[in-house]
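Let me begin by presenting the structure, written as structure tokens, before commenting on it.
Numbers restart at 1 for each chain; the letters A, B, ... are given by sequence-line order, proteins then strands.
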There are 2 protein chains.
Amino acid sequence: MNKNIFSQIYGDYTQRIETGLLKTGVKLPSEHEIAEEYGTSRETVRKALHLLSQNGYIHKIRGKGSFVLDMNRMEFPISGLVSFKELSERLGRTVRTLVHETACVPCPRNVARQLQIAEQEPIWKVVRAREIEGEKVILDKDYFLASVIPELTEEIASQSIYAYLEGQLSLKIAYAKKEISVEQVSDEDKRLLDLARDTHIVVVRNYVHLEDTTLFQYTESRHRLDKFQFVDFARRVQAEE
Amino acid sequence: MNKNIFSQIYGDYTQRIETGLLKTGVKLPSEHEIAEEYGTSRETVRKALHLLSQNGYIHKIRGKGSFVLDMNRMEFPISGLVSFKELSERLGRTVRTLVHETACVPCPRNVARQLQIAEQEPIWKVVRAREIEGEKVILDKDYFLASVIPELTEEIASQSIYAYLEGQLSLKIAYAKKEISVEQVSDEDKRLLDLARDTHIVVVRNYVHLEDTTLFQYTESRHRLDKFQFVDFARRVQAEE
DNA sequence: GAGTGGTCTAGACCACAAA
DNA sequence: TTGTGGTCTAGACCACTCT
């Protein structure tokens, strides 16, 4: 339970929409009514509804009201900033993680450039293959600043690293930049994934920052072409003049 | 010039950050100071700063202040909801559009399913190849509800359809859902693009909605593997309990 | 303790939609 | 005319950082 009123309202409505209690096209109560219901002010309600709108749950129309959207929310592969573990659980798929490497090593040149640190600086390197429905289709190569993460075990890598970072170490992950492109398969891809005759692979580069803006993680997530999907929700920014 | 105070503030800061007047890591004035400067209230300033934060321009830290982020903003291919024309102009690349078809036709079955309308209902079909630096690398297949768009010419299709929709027809585009996947190349791809020996192609499916939530456009944007890139900025949603 | 951002209030006026 | 969402105000209190 969150103590903020607006996130209480947000949570209530996301739940009602996700469980189908509020169906596509249904009109929400007016902001005034919701404010009364929660015993709060209209601006606080608006904060919650704005969040729902940003995340594709509802659409607000001036003079009319707020309406539930149909966004097929069940299939959200890597949109936003969510870990593989969180996604798997949400999707309820049969997944397995194979940890190939968990080591603290001096940073190689190519990774040093991505993390914007000096070469040789100690970093944690984690290489994991993700198996979905019996096929190894994703190769995750993570690099973490050792100055931020004192310890990392294969045990943790096989579970959820993010749960460890946020739970045990109470690191605050703030934002990330993601780049998606398609590249030639590497020897490592061929060795660790079930690729058949694929020549290309989808590469998702992820640059993750903490609350204090330090870039502490660089991840290369390599997806087999046929298993890659990305879904995005975007609102149009009205042109200004 | 926008009449809203908060979008005035937002515009001022995006400009200063994009032009490099405000550099990475620089601390913005406090919310109180900005409010005073613009002769407005703090909540209004906060609205502008929240937008800057959402769009990756700044990061706010409680007790410290707001800081300019470095997001290499210059290379934003298809993030968010922006048209090809707008993008090309922003990137300043040598681009050319080849219009292969602009016709009002009865809706075929597969498109009817995407647009959630009855088969045979009249739609505008536009097929365009995009040439970047002399190579045809993107194939855009657009389908618009004819009930929404009375007229569409090859002239308009060769320029910007969005500028026409928003400018001439004053349609209000509200939001869109985007799906990215990789598929086998089609005969049409081979015919209209410079593909060499490619076997796969990146497909971006775009479902565009108007202010009143009607789904009025379905677009299939097919990108040659080596020319595809997608950049995304995401903020972490703190887990609730 | 002073300064910062985060949440919230109880109003106000406006633009727009529907009856 | 009534109801809706959009913008804005002038405060308040809180949590946090820094000195």
Side-chain angles (χ1 to χ4, degrees), chain A residues 1-11 13 25-54 57-69 170-172 174-175 210-214 235-238 240, chain B residues 1-11 13 25-54 57-69 170-172 174-175 210-214 235-238 240:
Chain A
M1 193 71 77
N2 208 312
K3 68 169 185 296
N4 294 338
I5 302 174
F6 84 88
S7 53
Q8 178 64 53
I9 299 174
Y10 176 78
Y13 278 96
V26 163
K27 182 171 171 300
L28 265 48
S30 73
E31 297 176 346
H32 180 74
E33 286 170 331
I34 297 176
E36 197 150 292
E37 182 191 342
Y38 283 87
T40 186
S41 68
R42 202 181 131 217
E43 279 291 5
T44 300
V45 173
R46 283 180 55 71
K47 204 162 166 181
L49 296 193
H50 177 73
L51 245 185
L52 289 168
S53 160
Q54 283 298 310
Y57 286 96
I58 66 170
H59 183 62
K60 311 176 78 176
I61 305 180
R62 190 199 300 228
K64 286 190 176 174
S66 299
F67 302 86
V68 176
L69 290 184
S170 16
L171 288 181
K172 299 260 175 61
Y175 59 93
L210 297 176
E211 269 301 318
D212 63 359
T213 78
T214 46
R235 294 200 159 270
R236 173 77 167 164
V237 180
Q238 295 300 333
E240 307 152 35
Chain B
M1 195 71 77
N2 209 312
K3 67 170 188 294
N4 295 336
I5 303 175
F6 83 88
S7 53
Q8 177 64 52
I9 300 175
Y10 175 79
Y13 278 96
V26 163
K27 182 171 172 297
L28 264 47
S30 74
E31 296 176 345
H32 180 73
E33 286 169 331
I34 297 176
E36 197 149 295
E37 182 192 344
Y38 283 86
T40 187
S41 68
R42 205 182 128 216
E43 278 292 3
T44 299
V45 172
R46 283 180 55 71
K47 204 162 167 182
L49 296 192
H50 177 73
L51 246 185
L52 289 168
S53 161
Q54 284 298 310
Y57 285 96
I58 65 169
H59 183 62
K60 311 175 79 176
I61 306 179
R62 189 198 297 223
K64 285 189 178 176
S66 300
F67 301 86
V68 176
L69 290 184
S170 17
L171 289 182
K172 297 262 176 62
Y175 59 93
L210 296 176
E211 269 302 318
D212 63 358
T213 78
T214 44
R235 295 201 159 270
R236 173 78 168 164
V237 181
Q238 296 299 334
E240 308 151 36

Nearest whole angstrom, please: distance from the [atom2] of [N] to the [atom1] of [X].
| X | N | atom1 | atom2 | answer |
| --- | --- | --- | --- | --- |
| Tyr10(A) | dT7(C) | OH | P | 14 Å |
| Gln54(B) | dG6(C) | CD | C1' | 15 Å |
| Arg46(A) | dT9(D) | CZ | P | 14 Å |
| Glu43(A) | dG6(C) | CD | P | 16 Å |
| Glu31(B) | dC8(D) | CD | P | 15 Å |
| Glu211(B) | dA15(C) | CD | P | 17 Å |
| Phe6(B) | dT9(D) | CZ | C1' | 16 Å |
| Asp212(B) | dG5(D) | CG | P | 16 Å |

Under 4.0 Å from OP1 or OP2 of [N]: is there any side-chain N or O of [X] that close?
| X | N | value |
| --- | --- | --- |
| Lys60(A) | dG6(D) | yes |
| Ser30(A) | dT4(D) | yes |
| Lys64(A) | dG3(D) | no |

- [ ] With DNA chain C as reference, determine whether Ser41(A) or Arg62(A) sits nearer its 5' end, using the nearest nucleotide of each.
- [x] Ser41(A)
TODO: Please tell me which of Ile61(B) and Gly63(A) maps to the more 5' nucleotide of DNA chain C, matching each residue to the nucleotide holding its nearest heavy atom.
DONE: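 Per heavy-atom nearest nucleotide, the more 5' residue is Ile61(B).
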Task: Shortest side-chain distance from Thr44(B), nucleotide among dC8(C), dC8(D), dG5(D) - done: dC8(D)
TODO: Please tell me which of the listed nucleotides, dC8(C), dT7(D), dT9(C), lies nearest to the side chain of Asn4(A)?
DONE: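 Of the options given, the side chain of Asn4(A) lies nearest dC8(C).
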Task: First encountered from the 5' end of DNA chain D, between Arg42(B) and Lys47(B) - done: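 Nearest-nucleotide comparison on DNA chain D picks Lys47(B).
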Open item on the list: Would you compute the distance between atom NZ of Lys27(B) and atom CD1 of Ile61(B) and round it to the nearest 0.5 angstrom?
Closed with: 10.5 Å
Task: From CG (Asp212(B)) to CZ (Phe67(A)), nearest 0.5 Å - done: 10.0 Å
Task: Parallel, tilted or perpendicular: ring planes of Tyr10(B) versus Tyr57(B), cut at 30 and 60 degrees - done: perpendicular
Open item on the list: Using a strict threshold of under 4.0 Å (side-chain N to carboxylate O), is an ion pair present between Lys60(A) and Glu31(A)?
Closed with: yes
TODO: Classify the nucleic acid contact of Leu49(B) as base, sugar-phosphate or nothing, counting any heavy atom under 4.0 Å across all strands shown.
DONE: nothing
Task: Residues, nucleotides or ligands: over 12 heavy atoms within 6.0 Å of Glu37(A) CD - done: yes
